[in-house]
Q: 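Structure provided below as structure tokens; questions to follow.
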Amino acid sequence: MPAKPKHDLRPPPDLEPAPGVDNARIAQTMQDIAAMLEFQGDNRFKIQSYRRAADTLLNMPEDIRAPWREGRLEALPNVGEAIAAKIDELLRTGSLGFYERLRAAVPPGLLELTAIPDIGPKTALMLHANLGINSVAELEQALADGRVATVPGFGPKSVQKLREGLAAAQKHSSDQRMLLAVARPLIRGLVDQLRESGLPIDQIEIAGSIRRGRSTIGDGDILCTSPAPLRVIERFIGLPQVGQVVGHGDHKATVRLRNGLQVDLMVLPPEHFGSLLHHFTGSREHNIQMRDRALSQGLKLNEYGFVHADGSQVPCATEEAVFAMLGLPWIAPELREGVGEIEAAAAGRLPALITVSDMRGDLHNHSKWSDGTATIEQMARAARDRGYAYMAITDHSQSLTIAHGLTVEQIREQAAEVAEVNRLLTPFRVLHGVELEIKTDGTLDYPDGVLASLDIVIASVHQGLRHEGERVTARVLDACRNPHVDIIAHPTGQILGSRDPSALDVDAMIATARTTGTVLEINASPERLDLNEVYTRRAVDAGVLLSIDTDSHHPDGFVNIEYGITVARRGWASAANVLNTWPLDRLLAWLQARG
DNA sequence: GCCGTTTTCGGCCCGACTGTTTTCAGTCG
């Protein structure tokens, strides 16, 4: 165990953390501190420390308030005495004196300038010192009237790059991310064009956050091996989807597609493929930890392979070879976030991650009876054609009028149609269920007697998602405690890119689900992916069962299961953690026992 | 500011690309 000094920052047991101070908020503060220290020309390793601490906070599998309460902030990776004290101050008071003093010292508009491509702290400071520029608007003005060209070191090409960077930043706000389900097909299209180009391409793969399966994507990475890198680069930057060539060299090109997505291509000779793939799959924190491990074994690691102390080089043609060199088994890309996967690999304790082929059915789907577009039979046949043994029809309940929720009478009628489809398709099984509204007053949308007559009940919140945390949490916990409720669907209600998660206390829901035996859904719709990977891992750690469902409204929807599986894998889930990997008879017995 | 299978000091991941500063700093991933 690490033997770093411990200082007891444990808060008094009755001290409530400041509201709104969570992992993301503290991480943002740390990133802002790093940026402001950069402006002050502070030690770059100190700056890096704040950035690494921010990464830790964003990727760690638990809520920061847990280690805070237990006095073990300093046990977190990249958190030492000084940063632990700052986290503690933020949690106790909701603010941080050190941060406020920096804010007062750094001109406020400079941070926003660094959001523009090719503007870092040095460039922003030059613009500020020479032209008094304090904001993006002032930069725009200075570019328009030609003053930027008068600053020493700013030649015509630099000015042009600033113009393009500013235009790109205004067109596509830099924090705007694209859904995995949108970005991945785009990048696959580019890969296919290169593969079919007739150029001598040895291997070509998508890397980066797309390969790791992040739910949203900031940019794309393609890498390939070829004996003729320059020809591949030239073909790439000439592809029709390319809107702007940001840069290109002997082994690397960066372009911006017409829709704004930035894509990097790296090309190396074939013997480097494994090293290259590992390097550009990342994440940054995973790579840093891998290089730390290499250094501790007297090796240097880069995208070309390993370098021994005597300078001799060891290229790796496969990723397995990269990991093996460090005494590790291959680690799945979804786990490579620097959150304990290297330690787990070294100890032989990597989970056997769930795969799409583990799934035996889909438990959350809609038909024409509510807001779906297909009949129950069409949905069932599509599920059966996927090789599933069962599916559930779970149309909306009556309160969700916008989705044509079913009255008690209608859902009773629906039972007959389900029975008829089951007669047609046996041994495939359609479970008759409902997506039951958890109403704004906290009650459920059907009486218990109706719920008892259904095969499966999934409960969810669609209305009052903006209720304050205590209220929305109480509604969900009450639903968990109803013995007829089997699954809580899309618990936080988030819509990626457009609707923030509700204020639901997810940890409280996980704790309650653990005692009530309620299953938590990973909704596989690409825009939901709710639970997310962080809460999935907490649920897995707590021993709470998951259900991965597509929430399909038409027969084509089942293919989205891959996105739910990706979230589950990023949450370290195995098939054993997931209800709908079970065979039908085991599932039925479990549902029967719940009543 | 963090960290330790060369441990409490002296390191810190590593390289590509760009523009312009003719030898390298800035930015990015």
Side-chain angles (χ1 to χ4, degrees), chain A residues 1-5 30 33-35 37-38 41-56 73-87 98 113-127 149 151-162 164-165 174 207-209 218-221 223 229 233 245-255 262-268 272 275-276 278-307 309 326-327 338 346:
Chain A
M1 292 304 290
K4 42 181 178 176
M30 295 297 151
I33 287 172
L37 290 175
E38 223 164 17
D42 211 321
N43 180 300
R44 65 191 174 100
F45 298 111
K46 186 202 282 191
I47 293 162
Q48 176 183 268
S49 294
Y50 281 100
R51 296 231 158 91
R52 292 188 67 172
D55 274 357
T56 295
L73 285 176
E74 282 187 61
L76 296 172
N78 305 317
V79 175
E81 183 180 351
I83 290 182
K86 291 181 173 71
I87 295 173
F98 179 70
L113 283 181
T114 60
I116 297 170
D118 298 314
I119 297 187
K122 295 292 195 293
T123 306
L125 275 177
M126 279 294 282
L127 293 168
V151 178
F154 284 76
K157 287 194 173 176
S158 297
V159 172
Q160 185 55 29
K161 275 183 81 166
L162 283 190
E164 287 170 5
S174 61
S209 53
D219 60 12
D221 296 280
L223 49 89
I233 297 272
V245 179
V246 179
H248 64 102
D250 292 346
H251 297 291
K252 182 176 171 185
T254 300
V255 302
Q262 182 169 309
V263 185
D264 290 340
L265 171 72
M266 271 69 58
V267 194
L268 285 183
H272 299 291
S275 317
L276 186 66
H278 175 263
H279 177 88
F280 285 104
T281 297
S283 65
R284 183 183 58 180
E285 186 59 31
H286 171 87
N287 283 357
I288 289 173
Q289 292 180 13
M290 285 287 282
R291 286 172 182 147
D292 278 350
R293 188 176 173 90
L295 285 173
S296 75
Q297 299 180 14
L299 294 165
K300 198 172 76 168
L301 173 60
N302 60 30
E303 62 261 53
Y304 299 97
F306 291 93
V307 184
L326 297 179

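So you know, we letter chains A, B, ... as the sequences are listed, proteins then strands, and number each from 1.
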Q: For nucleotides 15-22 of chain B, just jot down a letter per nucleotide in 5' to 3' order: B, S or -, based on protein non-hydrogen atoms under 4.0 Å.
A: SSSSSS--
Q: Using atom CZ of A:R52 as one end and atom C1' of B:dG11 as the other, report the distance to the nearest whole Å.
A: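 The distance from CZ of A:R52 to C1' of B:dG11 comes to 13 Å, rounded to the nearest Å.
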Q: Ignoring hydrogens, what is the shortest heavy-atom contact between A:T281 and A:A207? Give both atom names and the distance.
A: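 Where A:T281 meets A:A207 most closely, the heavy atoms are OG1-CB, 3.8 Å.
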Q: On a whole-Å scale, what distance lies between the P atoms belonging to B:dT20 and B:dT27?
A: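 Each nucleotide's P atom is 14 Å from the other's.
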Q: Look only at the side chain of A:R52 and the backbone of A:E285, and say whether a donor-acceptor pair between them is shorter than 3.5 Å.
A: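 Pair absent, no side-chain N/O of A:R52 close to backbone of A:E285.
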Q: Using the P atom on both, measure B:dT18 against B:dG11 and round to a whole Å.
A: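 Their P atoms lie roughly 34 Å apart.
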Q: List for me each residue that meets side-chain hydrogen bond (donor to acceptor under 3.5 Å, both in side chains) alongside A:Q262, sequence neighbours excluded, and say none if there are none.
A: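 Testing A:Q262 for side-chain hydrogen bond (donor to acceptor under 3.5 Å, both in side chains), a comparison that skips the adjacent residues, returns A:R256.
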Q: Once you apply a heavy-atom cut-off of 4.0 Å, does A:I47 come out as touching a base, just sugar-phosphate, or nothing?
A: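 No contact at all - A:I47 keeps every heavy atom at 4.0 Å or more from the nucleic acid.
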Q: Taking the P atom of each, how far is B:dT6 from B:dC2, in whole Å?
A: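 To the nearest whole Å, 23 Å.
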Q: Are any side-chain N or O atoms of A:N302 and backbone N or O atoms of A:G305, one a donor and one an acceptor, separated by less than 3.5 Å?
A: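 Checked: pair present.
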Q: For the C1' atoms, the ones on B:dT5 and on B:dG1, what distance do you get once it is rounded to whole angstrom?
A: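 Nearest-Å result for B:dT5 against B:dG1 at atom C1': 23 Å.
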Q: Quick one: look up who B:dT8 pairs with, Watson-Crick or G-U, both distances under 3.5 Å, and put none if it's unpaired.
A: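 Pairing partner, where one exists within any strand: none, as none qualifies.
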Q: Measure CD/A:E285 against P/B:dG29 and give the value in whole Å, please.
A: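 One finds 17 Å between P of B:dG29 and CD of A:E285, rounded.
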Q: What's the CG-C1' distance between A:D55 and B:dC12, to the nearest Å?
A: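 Those two atoms, CG and C1', are 16 Å apart.
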Q: I'd like to check the ring pair (Phe, Tyr, Trp, His ring centres under 6.0 Å) partners of A:H286; sequence neighbours left out, ordered by chain and number.
A: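 Per chain and number, A:H286 pairs via ring pair (Phe, Tyr, Trp, His ring centres under 6.0 Å) with A:H278.
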Q: Hey, which of these two, A:K86 or A:P117, hits DNA chain B nearer its 5' end, going by closest nucleotide?
A: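 So the residue in question is A:K86.
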Q: Tell me if B:dT6 is syn or anti. Syn = glycosidic torsion within 90° of 0, anti otherwise.
A: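 Anti, which is what one calls it when the glycosidic angle falls more than 90° from 0.
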Q: When the distance from CD1 of A:I33 to P of B:dC2 is rounded to whole Å, what number comes out?
A: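 One finds 11 Å between P of B:dC2 and CD1 of A:I33, rounded.
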Q: Return the value, rounded to whole Å, for the distance between atom CG of A:D292 and atom C1' of B:dG4.
A: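 From A:D292 CG to B:dG4 C1': 11 Å.
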Q: Say you pick atom C1' in B:dC12 and the same atom in B:dC17; how far apart are they, in whole Å?
A: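 Roughly 24 Å separates the two C1' atoms.
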Q: For A:K86, give me all partners under side-chain hydrogen bond (donor to acceptor under 3.5 Å, both in side chains), at least two apart in sequence or on another chain.
A: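 Partners of A:K86 under the side-chain hydrogen bond (donor to acceptor under 3.5 Å, both in side chains) test: A:Y50.
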Q: When you compare B:dA16 with B:dT21, how far apart are their P atoms, in angstrom units rounded to a whole number?
A: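 The answer is 24 Å between these two P atoms.
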Q: Indicate, with a heavy-atom threshold strictly under 4.0 Å, whether A:F280 touches base, sugar-phosphate, or nothing.
A: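 Since no nucleic acid heavy atom lies under 4.0 Å of A:F280, the category is nothing.
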Q: CE of A:M266 versus C1' of B:dC28: gap in Å, rounded?
A: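 One finds 12 Å between C1' of B:dC28 and CE of A:M266, rounded.
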Q: For the P atoms, the ones on B:dT22 and on B:dC28, what distance do you get once it is rounded to whole angstrom?
A: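 That atom pair is separated by 23 Å.
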Q: What integer distance in Å separates A:L299:CG from B:dT5:P?
A: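 My rounded result for the distance is 15 Å.
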Q: Over all strands shown, is A:T123 touching base, sugar-phosphate only, or nothing at heavy-atom distances under 4.0 angstrom?
A: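 Answer is sugar-phosphate: A:T123 comes under 4.0 Å of backbone atoms only.
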Q: Compare side-chain N and O positions of A:S49 against OP1 and OP2 of B:dC12 and report whether any pair is under 4.0 Å apart.
A: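 Checking B:dC12 against A:S49, no side-chain N or O comes under 4.0 Å of OP1 or OP2.
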Q: Would you mind classifying the nucleic acid contact of A:I116 as base, sugar-phosphate or nothing, using non-hydrogen atoms under 4.0 angstrom?
A: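 The residue A:I116 makes sugar-phosphate contact but no base contact.
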Q: Tell me which nucleotide among B:dG1, B:dG26, B:dC3 gets nearest to the side chain of A:A82.
A: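 Minimum distance to the A:A82 side chain belongs to B:dG1.
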Q: Can you work out whether A:R284 or A:K46 has the more 5'-proximal nearest nucleotide on DNA chain B?
A: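 Of the two residues, A:K46 wins.
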Q: A:H272: which residues meet the ring pair (Phe, Tyr, Trp, His ring centres under 6.0 Å) condition with it, sequence neighbours left out?
A: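 Expected list: A:Y304.
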Q: List in chain and number order the residues that pass salt bridge (Lys or Arg N to Asp or Glu O under 4.0 Å) with A:D250, two or more places apart in sequence or in another chain; answer none if no residue qualifies.
A: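 Salt bridge (Lys or Arg N to Asp or Glu O under 4.0 Å) list for A:D250, sorted by chain: empty.
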Q: Write down the distance separating the C1' atoms in B:dG10 and B:dG15, rounded off to the nearest Å.
A: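 Looking at atom C1' only, B:dG10 and B:dG15 are 24 Å apart.
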Q: Indicate, with a heavy-atom threshold strictly under 4.0 Å, whether A:N287 touches base, sugar-phosphate, or nothing.
A: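 Nothing, no nucleic acid heavy atom in range.
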Q: Using atom CG of A:L265 as one end and atom C1' of B:dG29 as the other, report the distance to the nearest whole Å.
A: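 Interatomic distance, CG of A:L265 to C1' of B:dG29: 14 Å.
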Q: A:T56 side chain to A:P77 main-chain N or O, any donor-acceptor pair under 3.5 Å?
A: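 Yes; judged by distance alone, with no hydrogens or angles, the pair exists.
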Q: Indicate whether OP1 or OP2 belonging to B:dC28 is found under 4.0 Å from a side-chain N or O atom of A:Q262.
A: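 Result: no.
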